[in-house]
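Presented below is the structure to which this report refers.
Proteins come first, then strands; the chains are lettered A, B, ... in the order of their sequence lines, and each starts at number 1.
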Amino acid sequence: MRDGEDRGVNGRQSGLNEDDPLGSVRDVLAGLPRELDPERDLLPEIAARAWRKSEGEATVPRPSDLSIRDWWRASLGIRVQLAAAAVVLVVITSVLTALILGDRGAPGTTVAGRMGSAPGSAPVAATATMSPVGHADLEAAYAHAIGELLAALERSSQELPPETRALIEENLLVIDGALREALAALEAAPDDAGLRQTVILTYEQKLEFLRTAAALTMKS
Amino acid sequence: MKRPTAFPFTYLLAPAILIAGGAAPLAAQQHIDERAAVAPDAYIRVYDEAAGSVRVTGWDRDSVAVSGTRDSGAGRFSFSGGGDAAKMGLWTDGDSAGEAHLDVRVPAGATVWVKTTSALVEIGDVASGVDAYSVTGDIRVSGTPRQVYAESMGGSVQIVGTALSARGKTGSSPITFRGDAEDVSFTTVGGTIMVMGPRLRLGHFESVTGDILFEGEIEKGSSLGFQTHSGTIELRLPSDVGADVTYTTIEGDLQSDFPLGEADDRGGMRGRERQFSLGNSGATVTIRSFSGEVLIRRK
């Protein structure tokens with residue numbers, strides 16, 4: 001059993017631990033809020049404005065309360081899962097990238113920001129000190145987020161026609177193929193920070209696709 | 001003796017024939033015609049689970065109007081709204097048969113949210129925010145929206161026009177952008193990203209296996225990032241381009257019409273990293289590829 005696996009998440013101090021990077025990731029995850037609204041979703045505001053009864057003005061026609069409740073009830077669970085997964089994605093990416101680059105900047109500062117990259121640009125290849133984050137740690141760190149999103153996708157895609165489910169699987173196969181190639185290259189050169197960065201970016205692509213697929217296939 | 005005239009049974013059958021032959025299609029296809037007064041900056045939500053199309057067009061009236069047709073099996077249509085917002089939807093309970101075609105007119109300043117299962121989405125002449133999502137339908141946005149966000153897992157995304165920001169995602173279908181924008185980000189798994197003729201400040205283009213083609217100006221001070229696993233990245237740039245380029249690859253090749261410096265061997269690690277300037281620099285370009293080929297062409 002690796003160091004850290006026999007210790008619970010609760011009760012650990014937050015912050016990066018160079019001896020146990022995966023434990024650090026778990027610490028940060030444990031401190032996250034369980035719910036977070038997606039930043040880009042316009043729907044809640046639309047809904048609020050669509051059916052808000054305003055006094056002194058002409059009442060906005062609204063559909064039955066039942067339909068609104070059904071709408072939110074159907075989508076809320078998956079929305080929470082997606083939001084939580086998005087937070088997990090951001091935290092994992094930030095922590096792992098910081099560990100891989102070995103650059104201990106100010107807490108909360110992104111690696112891209114510290115290295116002077118513009119927000120829209122791809123992360124710069126790492127050339128700094130190597131860290132102990134390895135192949136297995138990367139897989140383990142992303143496994144939780146991927147599992148969450150797969151569960152959300154499974155729920156939201158149950159009523160989809162077979163061809164749409166096949167479409168999702170085809171895209172995942174493409175991403176997994178790329179991931180296998182990147183992981184194989186990293187296995188052959190475990191000290192290559194650039195390869196680790198490539199693996200992370202590919203995991204992020206997989207997570208992002210899963211998030212997108214789950215959101216798109218969600219009813220309403 | 002006059003024989004009794006046979007009763008013309010065909011007369012009795014005529015209405016049935018008419019119903020079965022001529023009137024049936026009329027009964028099977030139903031017209032949609034709804035409208036409501038809304039604010040110039042209203043929020044409009046369109047949700048469509050049926051096959052077919054949704055066309056949203058901005059106009060200079062303070063009202064939303066939807067017209068169109070739907071086959072009887074294409075779900076039930078609902079419409080409500082007025083004032084600050086309006087919403088409409090076609091709900092199929094998962095067993096849609098037939099198509100529906102919706103033509104929605106909205107105030108040009110409205111914020112529009114559209115989601116379809118498989119229907120084509122076309123949005124034009126909307127000056128505010130546009131969010132368009134489809135599981136398998138194509139999405140086309142044109143005009144001058146302030147911001148565009150378009151996602152389709154099985155369909156393509158096409159954005160033509162000028163926007164402050166544009167975001168697009170697809171699975172294996174292409175993303176095409178023609179126009180100008182301050183901030184652009186496109187992501188695909190296996191589709192092709194084509195960015196033509198843009199003037200960008202920030203751009204990020206990312207694929208797993210899909211090719212990325214960029215043809216346009218790179219303005220001074222702008223920052224562009226290209227990332228792929230195995231797709232080909234092709235940049236078609238003017239001769240007077242000015243950019244500082246960082247290129248990183250593991251197994252890929254780089255070909256350039258512009259003179260480049262020697263490759264850095266990434267400190268003995270696998271692959272190559274090159275940093276070079278095109279022209280008088282002034283912009284930042286980052287290219288990252290695992291095994292895809294990178295082509296830098298002179299226009």
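Interatomic distance, CZ of B:F290 versus OG1 of A:T202, reported as 8.0 Å (0.5 Å rounding). Considering CZ of B:R288 and OG1 of A:T198, their distance stands at 4.0 Å, rounded to 0.5 Å. Note that CD of A:E208 is 8.5 Å distant from CD of B:E206, once rounded to the nearest 0.5 Å. Between atom CG of residue A:L216 and atom CE of residue B:M153 there is a gap of 6.0 Å, rounded to the nearest 0.5 Å. To the nearest 0.5 Å, atom CD of residue A:Q205 and atom NE2 of residue B:H229 are 9.0 Å apart. For the atom pair B:I250 CD1 and A:D192 CG, the distance stands at 5.5 Å (nearest 0.5 Å).
Residue B:T117 does not touch chain A at all, counting heavy-atom pairs closer than 4.5 Å. Of the two parts of B:S207, only the backbone, made up of N, CA, C and O, holds a non-hydrogen atom closer than 4.5 Å to a non-hydrogen atom of chain A. Heavy-atom distances place both the backbone and the side chain of B:S172 under 4.5 Å from chain A. Proximity to chain B is limited to the side chain of A:L167, based on heavy atoms less than 4.5 angstrom apart. Within the 4.5 angstrom heavy-atom criterion, only backbone atoms of B:S152 (N, CA, C, O) approach chain A.
Of the listed residues B:G89, B:S78, B:G171, the one with more heavy-atom pairs under 4.5 angstrom with chain A than any other is B:G171.
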